[in-house]
Every structure is written in C-alpha cells, then in structure tokens.
Amino acid sequence: MSVPEEADLSDCDRIAGTWRGMAMPAIGHARWRAWIIAVIGLSLYLFGAARALAAIPDAACPALGLSSRHADIPSLPQLCFLRDEAHALGPGDVLGGTLPMERRDADRLVFRHNQSAYWVYVPLRNLDPEGSTWYLQLDYPLLDEIDVWIYDLGSEPGPRARPRLLGTARMGDARPFGDRPVRHRLFLLPLDFGAGQSLAVVLRVHSSGAINIPLSLHSGAAAIGQAQDHGLSQGMFLGALAMLALFNAALYLRLRVRQSLYNTAYILCAGLFLTSMSGLSFQYLWPDWPWLANRSVPLSEILAILSLLWFTRHFLGIGPARWPRQSWLIRALAGTGAALLAASLAAPYALIIKIDTVYALACMVAMFGLGLRHWRRGERAARWYVLSWLVFFAGYLAYGLAAFGYIPGFMAQERWMQIALGSQMFLLTYAEVMQLHDLMRRALDIEAGARNSLQHEVQSRTADLRATMGALEQANRQLRELTLHDPLTGLLNRRGLDAALARAAETQGASARGTLVIFDLDHFKQVNDTHGHDAGDAALRWVAEVLLNLLRRRSDVLARFGGEEFVALLPATSLDDAVILAAGVLEHVRRNPVDLGRGRVIELTLSAGVAQWREDETPQSLFRRADENLYCAKTAGRNRLVADEGL
C-alpha cells in the first residue's frame with residue numbers, strides 16, 4: 001500500500017491557503033499553519049490508505065472459511081469476477097485489486113456466447129487446526145480454456161500479505177485430457193491447505209460457446225463419494241440405453257423391421273451426444289483428440305436427428321405413394337441434415353452448434369406434428385410416439401437453455417435430460433412393440449374369423465366347401481406353375497429349371513438324361529440401348545417362340561435362365577443330335593430378323609454352349625461345363641456353337 005505524497009501536499013497547501021489573513025487568537029500564524037497542515041495531511045493519508053485497502057481483493061472479496069464439519073459447498077457464494085473483453089489482463093491484475101470486480105453466486109455465473117474471457121477470484125481459508133485437502137470443482141464440461149493460478153496468502157491474510165504462487169493448471173476440452181490435474185469428466189482442482197492457511201485461486205475462462213462457471217467445493221472424502229455416485233448413475237443410464245439398443249437390434253434381426261434398426265441408431269447416437277455433452281466421451285473415447293471432443297457434440301446431434309427422421313418415416317408408414325407431402329418433408333429435412341453433418345466438420349463451433357440446434361428443434365417439431373396427425377387418423381401406436389415427444393420436449397428445452405447459458409443449473413438439467421431422453425427411447429420402443437402387437441392381433445383375428453367361417457361352411461354347405469377346396473387346390477397348382485415360369489416369355493424360370501434338372505438327375509443312365517444347351521443373345525445390351533427396353537422384351541419373346549417351335553418334344557425342358565440367357569434340357573438326346581438342333585436354332589435366328597412393326601427390324605444372333613450329361617455328374621457340374629462352352633463361343637467371336645470336346 002502506498003500514499004501519493006505530491007498530490008497530498010499540494011492539497012494541504014491549497015486548503016491551508018484559505019486560512020491566510022484570518023485572525024489567529026493566542027497562536028502565531030506559523031504554528032497555526034503547521035498544525036492545520038499536519039491535520040489535513042493526516043486525514044488525506046488515512047483516506048488514501050482506506051481507499052487502497054478497499055481495492056485489495058481480500059477486503060472486497062472476503063475469504064470463504066472451510067471446515068470439515070461442512071464437507072460440501074454446492075455453490076460458492078458471492079464470488080468476485082470481471083470480464084476481459086480485450087484479453088489483456090493477467091492474474092496480477094486480479095490480485096492487485098486495481099480493477100472493479102462484480103460479485104455473484106457461482107451458480108449464477110452464466111454467460112451467453114461472447115468472445116470475452118472471464119476472471120474469477122476465489123479466496124479460501126482453512127478453519128481447521130490441521131491440514132486438509134479440498135477439491136474445487138467446475139461443473140460445466142464444455143469449456144475450451146481454463147487457466148488456473150493458486151496463491152498462498154499465508155495464515156493471516158490481509159493488506160500486508162504478499163501472495164506467493166504455488167502452482168498453475170491448464171484445462172479445457174480444447175486441450176488434451178491428460179493436461180488435467182485430476183482425471184475426471186468435470187474440472188477438478190486439488191487444493192492442499194495447511195492448518196489455518198489461506199489460498200487464493202484465480203481462474204481465467206474462455207470458450208467458443210456459452211460460458212457457465214458453476215464452482216463448488218468438496219472435501220476429499222466427499223469428492224470421492226460424489227464421483228462414485230455419479231459413476232453409478234451414469235453407468236445405470238448408459239446400461240439402460242445399451243439394453244434398449246440391443247433389444248431394438250434383436251427386433252430388426254428377427255423380424256427385419258426397419259424402424260427397429262433406425263431406433264437402434266438413434267439410441268446410440270443420442271447416447272453419444274449426451275456423453276459428449278457431459279465430458280465422458282472426451283474422457284474415455286478420444287482423450288488425445290480435443291478437436292474431435294469439440295466436434296462430437298454437433299456431429300452426434302445431427303446423426304441422432306437423421307436416425308430419428310428415418311425411424312419416423314418407417315414407423316408411421318410415410319411412403320411417397322400414400323403420403324407424398326410428408327415424404328417430401330422428411331427427405332428435405334434429411335438432406336439438410338446431411339449438409340449440416342458435412343459442415344460440422346469445418347465450420348466454427350460457435351456458429352454450427354447454434355445452426356444444428358435450430359435445425360434439430362425444427363425437425364423435432366416436424367416429427368411431433370407428423371405423429372399427431374397420424375394419431376388423429378386413428379393409428380393407436382402413434383399416440384405413444386406423440387407421448388414420447390411430449391416427455392422429451394420438457395427435458396430438451398431446459399437442457400438447451402442451460403447449455404447455451406440462458407438459465408443456471410446445467411448439471412441439474414443434465415440429469416433431467418437423461419430422464420427425459422431415456423423415457424422417450426423407452427416409449428418409442430414400446431410404441432414399436434405395440435405396433436407389432438396390433439399387427440399380430442389383426443392377423444389372429446383374420447385367422448380366427450376365417451376358421452369360424454370355415455367351420456360354418458363345413459356344417460352348412462359341405463358340397464360347396466368341397467368345390468371351393470377343389471378350386472383352391474387348382475388355384476394353388478396354378479400359383480405353383482406361376483412361381484416356376486418366367487412372366488415375360490412363359491418359359492420356365494431359374495427355379496423351374498433347377499427342379500427339372502433335379503428330376504433329370506434321378507433318371508438312371510447318362511444317355512437317358514440327355515444333353516444341356518445354353519443359348520445367349522449376342523450384344524443384347526446394344527438392342528436395349530438402341531431400340532429401348534420394349535424392343536428388347538419383344539426380342540426375348542421372339543427367341544422363346546423360336547425355341548418352342550424348333551424344340552417340340554414334350555420331354556424337352558425350355559427355360560429363361562436370366563437376362564438374355566435361355567437353357568434347353570434335351571432328355572435322351574445324344575450330343576450329336578443336340579448340336580444339330582442347337583445349330584438349327586442359331587441358323588433360324590440369324591436368318592430371320594425380329595419385326596417390331598412400322599418398318600423396324602432387329603437382326604439378332606445367338607451363341608450356344610452344349611454339354612452332355614456324364615455318369616455320376618451333378619446338375620451343377622453339367623451346367624458349369626455348358627456355361628464354359630458358351631463362354632468359349634463368346635470369346636471366339638459369338639454367333640457360333642461350342643460343344644464338349646471332340647466336336
């Protein structure tokens with residue numbers, strides 16, 4: 001503390017001058033003047049000393065007494081702080097008391113996003129007769145930079161105490177997690193006190209998002225107990241999310257219901273979002289990646305919303321045919337989310353987190369509106385969907401306001417958000433189960449109704465039932481025939497060919513089994529590209545007619561194997577006869593173009609591979625040899641036939 005000597009003396013002279021020329025009874029002018037100057041000088045000295053003392057933080061910010069009888073101080077009262085807009089201050093400016101400081105309880109040190117740094121002065125004094133360890137805790141994990149200076153104020157803090165720097169710490173999620181003095185998702189600072197010792201903690205906080213500085217103090221035992229309680233609650237919450245995710249994944253694997261897959265993705269992404277907001281992901285997933293710790297919040301938020309959009313689409317059955325406008329809305333929101341997902345990798349955090357939050361809120365309102373509309377249409381499962389959103393909104397709004405610095409109590413809102421989010425996920429899963437239950441009940445009702453109707457028909461009209469059963473059997477046979485035939489050409493399809501080959505394999509004797517021929521249209525893609533797919537379909541039908549006309553035996557099996565490939569199984573046919581028949585087909589196709597009408601024709605050619613059934617040969621190996629011969633015909637220039645060796 002110092003007194004401004006020159007300024008004080010000049011003031012004395014100026015004041016004393018007003019007394020000059022006045023009557024001084026019984027005292028000389030010189031002695032009276034000296035007495036006046038001494039009194040005024042002493043007053044100015046005492047005034048300057050008082051003013052200097054008031055500027056010292058110890059006087060303006062009294063030390064908070066710590067005692068083992070009160071092991072927890074949830075919120076430090078009346079802390080001194082100041083705002084550093086120019087980022088030009090240091091800890092000495094805070095300790096020196098030369099700048100005006102405001103006072104506020106720690107749970108009200110909440111500031112919306114700005115570019116300023118905030119300095120907080122925390123004087124503490126150990127009231128116990130023995131040493132102790134306390135933990136200063138900052139309960140907001142989303143701060144970029146936290147710089148800490150710890151000073152020893154001695155055993156008797158006051159205007160004569162000279163602070164002595166004991167240590168520093170650098171924390172924040174813009175720095176590696178290992179820089180923290182205590183490995184914890186929050187910011188913990190251990191403070192070791194001697195008996196009656198006073199310490200001063202100076203904090204500088206700067207962040208690209210909202211700034212919350214909810215400081216609390218805990219003794220060593222209390223800090224351990226609090227960490228255990230928090231670990232237990234977080235473990236229970238994350239375990240519940242994992243169980244819901246596994247249940248939905250099992251539903252998808254068992255029933256192939258797509259909304260269960262998207263619900264699984266939503267649960268995982270929303271869980272990652274909460275763990276990123278709480279600092280757990282930075283602690284356990286990427287402690288050496290501060291950039292990812294910052295970006296994981298907007299990225300997981302967008303991924304959760306995209307998963308929920310597609311869950312809503314499938315759960316409510318919003319297809320483009322039935323609900324074109326609703327389908328367009330979901331696709332538009334999903335496209336916007338994909339763009340924001342890419343932007344979240346590069347855009348400034350302070351900007352993208354606000355945009356992502358507004359986008360997420362818009363999507364939530366849209367999904368809630370869609371669910372409400374479907375509920376009004378009488379969809380029972382939709383009401384559980386709507387209820388899940390009502391529960392979620394209560395927690396999300398409070399959590400968002402606390403995260404952006406509009407309301408205090410971020411940790412309390414975090415717990416409420418966990419309850420709201422867990423309830424929403426449970427209700428969404430329950431809505432899925434209810435939807436499946438309704439579908440099963442409808443199926444059972446239909447089955448029960450059909451059973452009752454069938455019994456009534458048996459009792460009342462036995463003859464009609466027999467006729468009906470006969471017609472049904474005929475319809476089933478026709479249905480089986482349809483499943484074995486190609487709808488375009490009327491030939492057998494691949495399934496029908498496999499059945500025919502299996503039956504032929506049971507025939508005794510390789511000669512009786514016959515020969516297999518595979519035909520392939522040459523350059524068929526050019527036909528589609530030049531004349532269109534309708535012309536290509538006409539060409540395929542024409543080739544099928546050629547095969548039916550030239551291979552007329554009832555025992556012959558003709559099939560369209562796929563695309564432009566046709567297969568002919570010729571039982572009891574030698575290799576030589578099969579080659580003659582196949583060559584006739586190739587010649588006919590070569591000489592007779594396909595007439596498309598209106599003067600348009602297509603000239604086609606075929607390539608063929610021929611293989612005769614051998615003893616102890618499977619249908620697969622027979623088909624493979626014929627296909628290899630077809631490949632040889634293709635590579636040899638097409639428009640030709642290749643048979644087994646020797647021909």
Exercise for the section: For Tyr118, check side-chain hydrogen bond (donor to acceptor under 3.5 Å, both in side chains) against everything at least two apart and list the hits. Expected result: Asn114

Problem - Between Ser75 and Asp105, a side-chain donor and acceptor under 3.5 Å - result: no

Exercise for the section: Could you tell me whether the side chain of Pro123 reaches within less than 4.5 Å of the side chain of Pro62, counting heavy atoms only? Expected result: no

Practice task
Mark yes or no for whether His70, through its side chain, and Asp72, through its backbone, hold a donor-acceptor pair below 3.5 Å.
Solution key: no

Exercise for the section: Step by step, work out the side-chain contact (heavy atoms from CB on, under 4.5 Å) result for Gln228 and Leu232. Expected result: CA-CA 6 Å; Gln228 290 176 339; Leu232 177 62; over 6 Å; no

Fill in the blank from the handout: When rounded to the nearest 0.5 Å, the distance separating OH of Tyr349 from CH2 of Trp291 is 13.0 Å

Exercise for the section: For the pair Arg295 (side chain) and Leu299 (backbone), establish whether a donor and an acceptor sit closer than 3.5 Å, ignoring hydrogens and angles. Expected result: no

Problem - Separation between OG1 of Thr264 and CG of Leu246, rounded to the nearest 0.5 Å - result: 8.5 Å

Handout entry: side-chain contact (heavy atoms from CB on, under 4.5 Å) between Val122 and Val120, worked out
Key = CA-CA 6 Å; Val122 186; Val120 182; 3.9 Å; yes

Practice task
Quick one: do His218 and Trp134 satisfy side-chain contact (heavy atoms from CB on, under 4.5 Å)? Show the steps, please.
Solution key: CA-CA 6 Å; His218 311 277; Trp134 288 76; 5.6 Å; no

Practice task
Using the test salt bridge (Lys or Arg N to Asp or Glu O under 4.0 Å), find all partners of Arg83 that sit at least two apart in sequence or belong to another chain.
Solution key: Glu85

Problem - Nearest heavy atoms of Asp128 and Ser68, plus distance in Å - result: OD2-N, 3.0 Å

Exercise for the section: Output yes when a side-chain donor or acceptor of Asp144 lies under 3.5 Å from a complementary backbone atom of Ser208, and no otherwise. Expected result: yes

Practice task
Under the side-chain hydrogen bond (donor to acceptor under 3.5 Å, both in side chains) rule, collect the residues that match up with Ser260, sequence neighbours excluded.
Solution key: Glu432

Problem - Closest non-hydrogen atom pair between Trp286 and Ala293, with its separation - result: NE1-CA, 3.5 Å

Handout entry: Residue pair Pro181 / Pro190: nearest heavy atoms and the distance that separates them
Key = CB-CD, 4.1 Å

Practice task
Indicate yes or no: at least one non-hydrogen side-chain atom of Tyr151 is less than 4.5 angstrom from one of Pro91.
Solution key: yes

Problem - Residue pair Arg204 / His87, side-chain donor-acceptor N/O under 3.5 Å - result: yes

Completion exercise
Sorted by chain and number, sequence neighbours left out, ring pair (Phe, Tyr, Trp, His ring centres under 6.0 Å) with Tyr359 holds for none

Handout entry: Charged tip of Arg258 within 45° of Tyr262 ring normal and under 6.0 Å
Key = no

Practice task
Look at the side chain of Gln78 and the backbone N and O of Arg104, then say whether any donor-acceptor pair between them is shorter than 3.5 Å.
Solution key: no

Exercise for the section: Output the distance between atom CE (Met364) and atom CG (Leu333), rounded to the nearest 0.5 Å. Expected result: 12.0 Å

Fill in the blank from the handout: Ile352 and Ala347 have their tightest heavy-atom pair at CB-CB, 4.0 Å

Exercise for the section: For the residue pair Ile353 and Glu301, establish whether any side-chain heavy-atom pair is separated by less than 4.5 Å. Expected result: yes

Practice task
Consider only side-chain N and O atoms of Thr429 and Asn248, and report whether a donor and an acceptor are under 3.5 Å apart.
Solution key: yes

Practice task
Could you tell me whether the side chain of Asn126 and the main chain of Glu130 form a donor-acceptor pair under 3.5 Å?
Solution key: yes

Handout entry: Pairwise side-chain contact, Gln326 with Ile318, heavy-atom cut-off 4.5 Å (strictly under)
Key = yes

Handout entry: Trp149 ring center near Trp119 ring center (under 6.0 Å)
Key = yes

Exercise for the section: Could you grab the distance from atom CG of Asn212 to atom CZ of Arg108, nearest 0.5 Å is fine? Expected result: 13.0 Å

Completion exercise
Distance col, row Cys80:SG vs Leu99:CG, nearest 0.5 angstrom, shows 12.5 Å

Practice task
Give a yes or no answer on whether the side chain of Arg441 reaches the backbone of Leu436 with a donor-acceptor pair at less than 3.5 Å.
Solution key: no

Exercise for the section: Quick one: pull up CZ in Phe187 and CZ in Arg180 and give me the separation to the nearest 0.5 Å. Expected result: 4.0 Å

Problem - Val205 side chain near Leu109 side chain, heavy-atom distance below 4.5 Å - result: no

With a 3.5 Å cut-off and sequence neighbours excluded, list the donor-acceptor pairs that the side chains of residues 267-276 form with protein atoms.
from   : atom 1 : to     : atom 2 : distance (Å)
Thr275 : OG1    : Gly271 : O      : 3.1
Thr275 : OG1    : Leu272 : O      : 2.9
Ser276 : OG     : Leu272 : O      : 2.8
Ser276 : OG     : Ser281 : OG     : 3.1
Ser276 : OG     : Ser296 : OG     : 3.1

Problem - Among Asp152, Leu153, Leu64, side chain to side chain contact (heavy atoms under 4.5 Å, CB included) partner for Ser198 - result: Leu153

Handout entry: N/O donor-acceptor pair under 3.5 Å between Asp438 side chain and Gln435 backbone
Key = no

Atom pairs and distances, side-chain donor-acceptor, residues 304-315, under 3.5 Å, sequence neighbours left out:
from   : atom 1 : to     : atom 2 : distance (Å)
Ser307 : OG     : Leu303 : O      : 2.9
Thr312 : OG1    : Leu308 : O      : 2.8
Thr312 : OG1    : Tyr385 : OH     : 2.6

Completion exercise
Minimal heavy-atom distance between Val148 and Met171, with the atoms involved, is CG2-CE, 3.9 Å

Completion exercise
Shortest non-hydrogen pair, Leu79 vs Ala106, comes out as CD1-CB, 3.9 Å

Handout entry: Derivation of the side-chain contact (heavy atoms from CB on, under 4.5 Å) call for Leu66 and Leu217
Key = CA-CA 9 Å; Leu66 305 179; Leu217 268 170; 3.6 Å; yes

Handout entry: CZ (Arg254) with more than 12 external heavy atoms under 6.0 Å
Key = no

Exercise for the section: Identify whether the distance between the nearest side-chain nitrogen and carboxylate oxygen of Asp147 and Arg170 falls below 4.0 Å. Expected result: yes

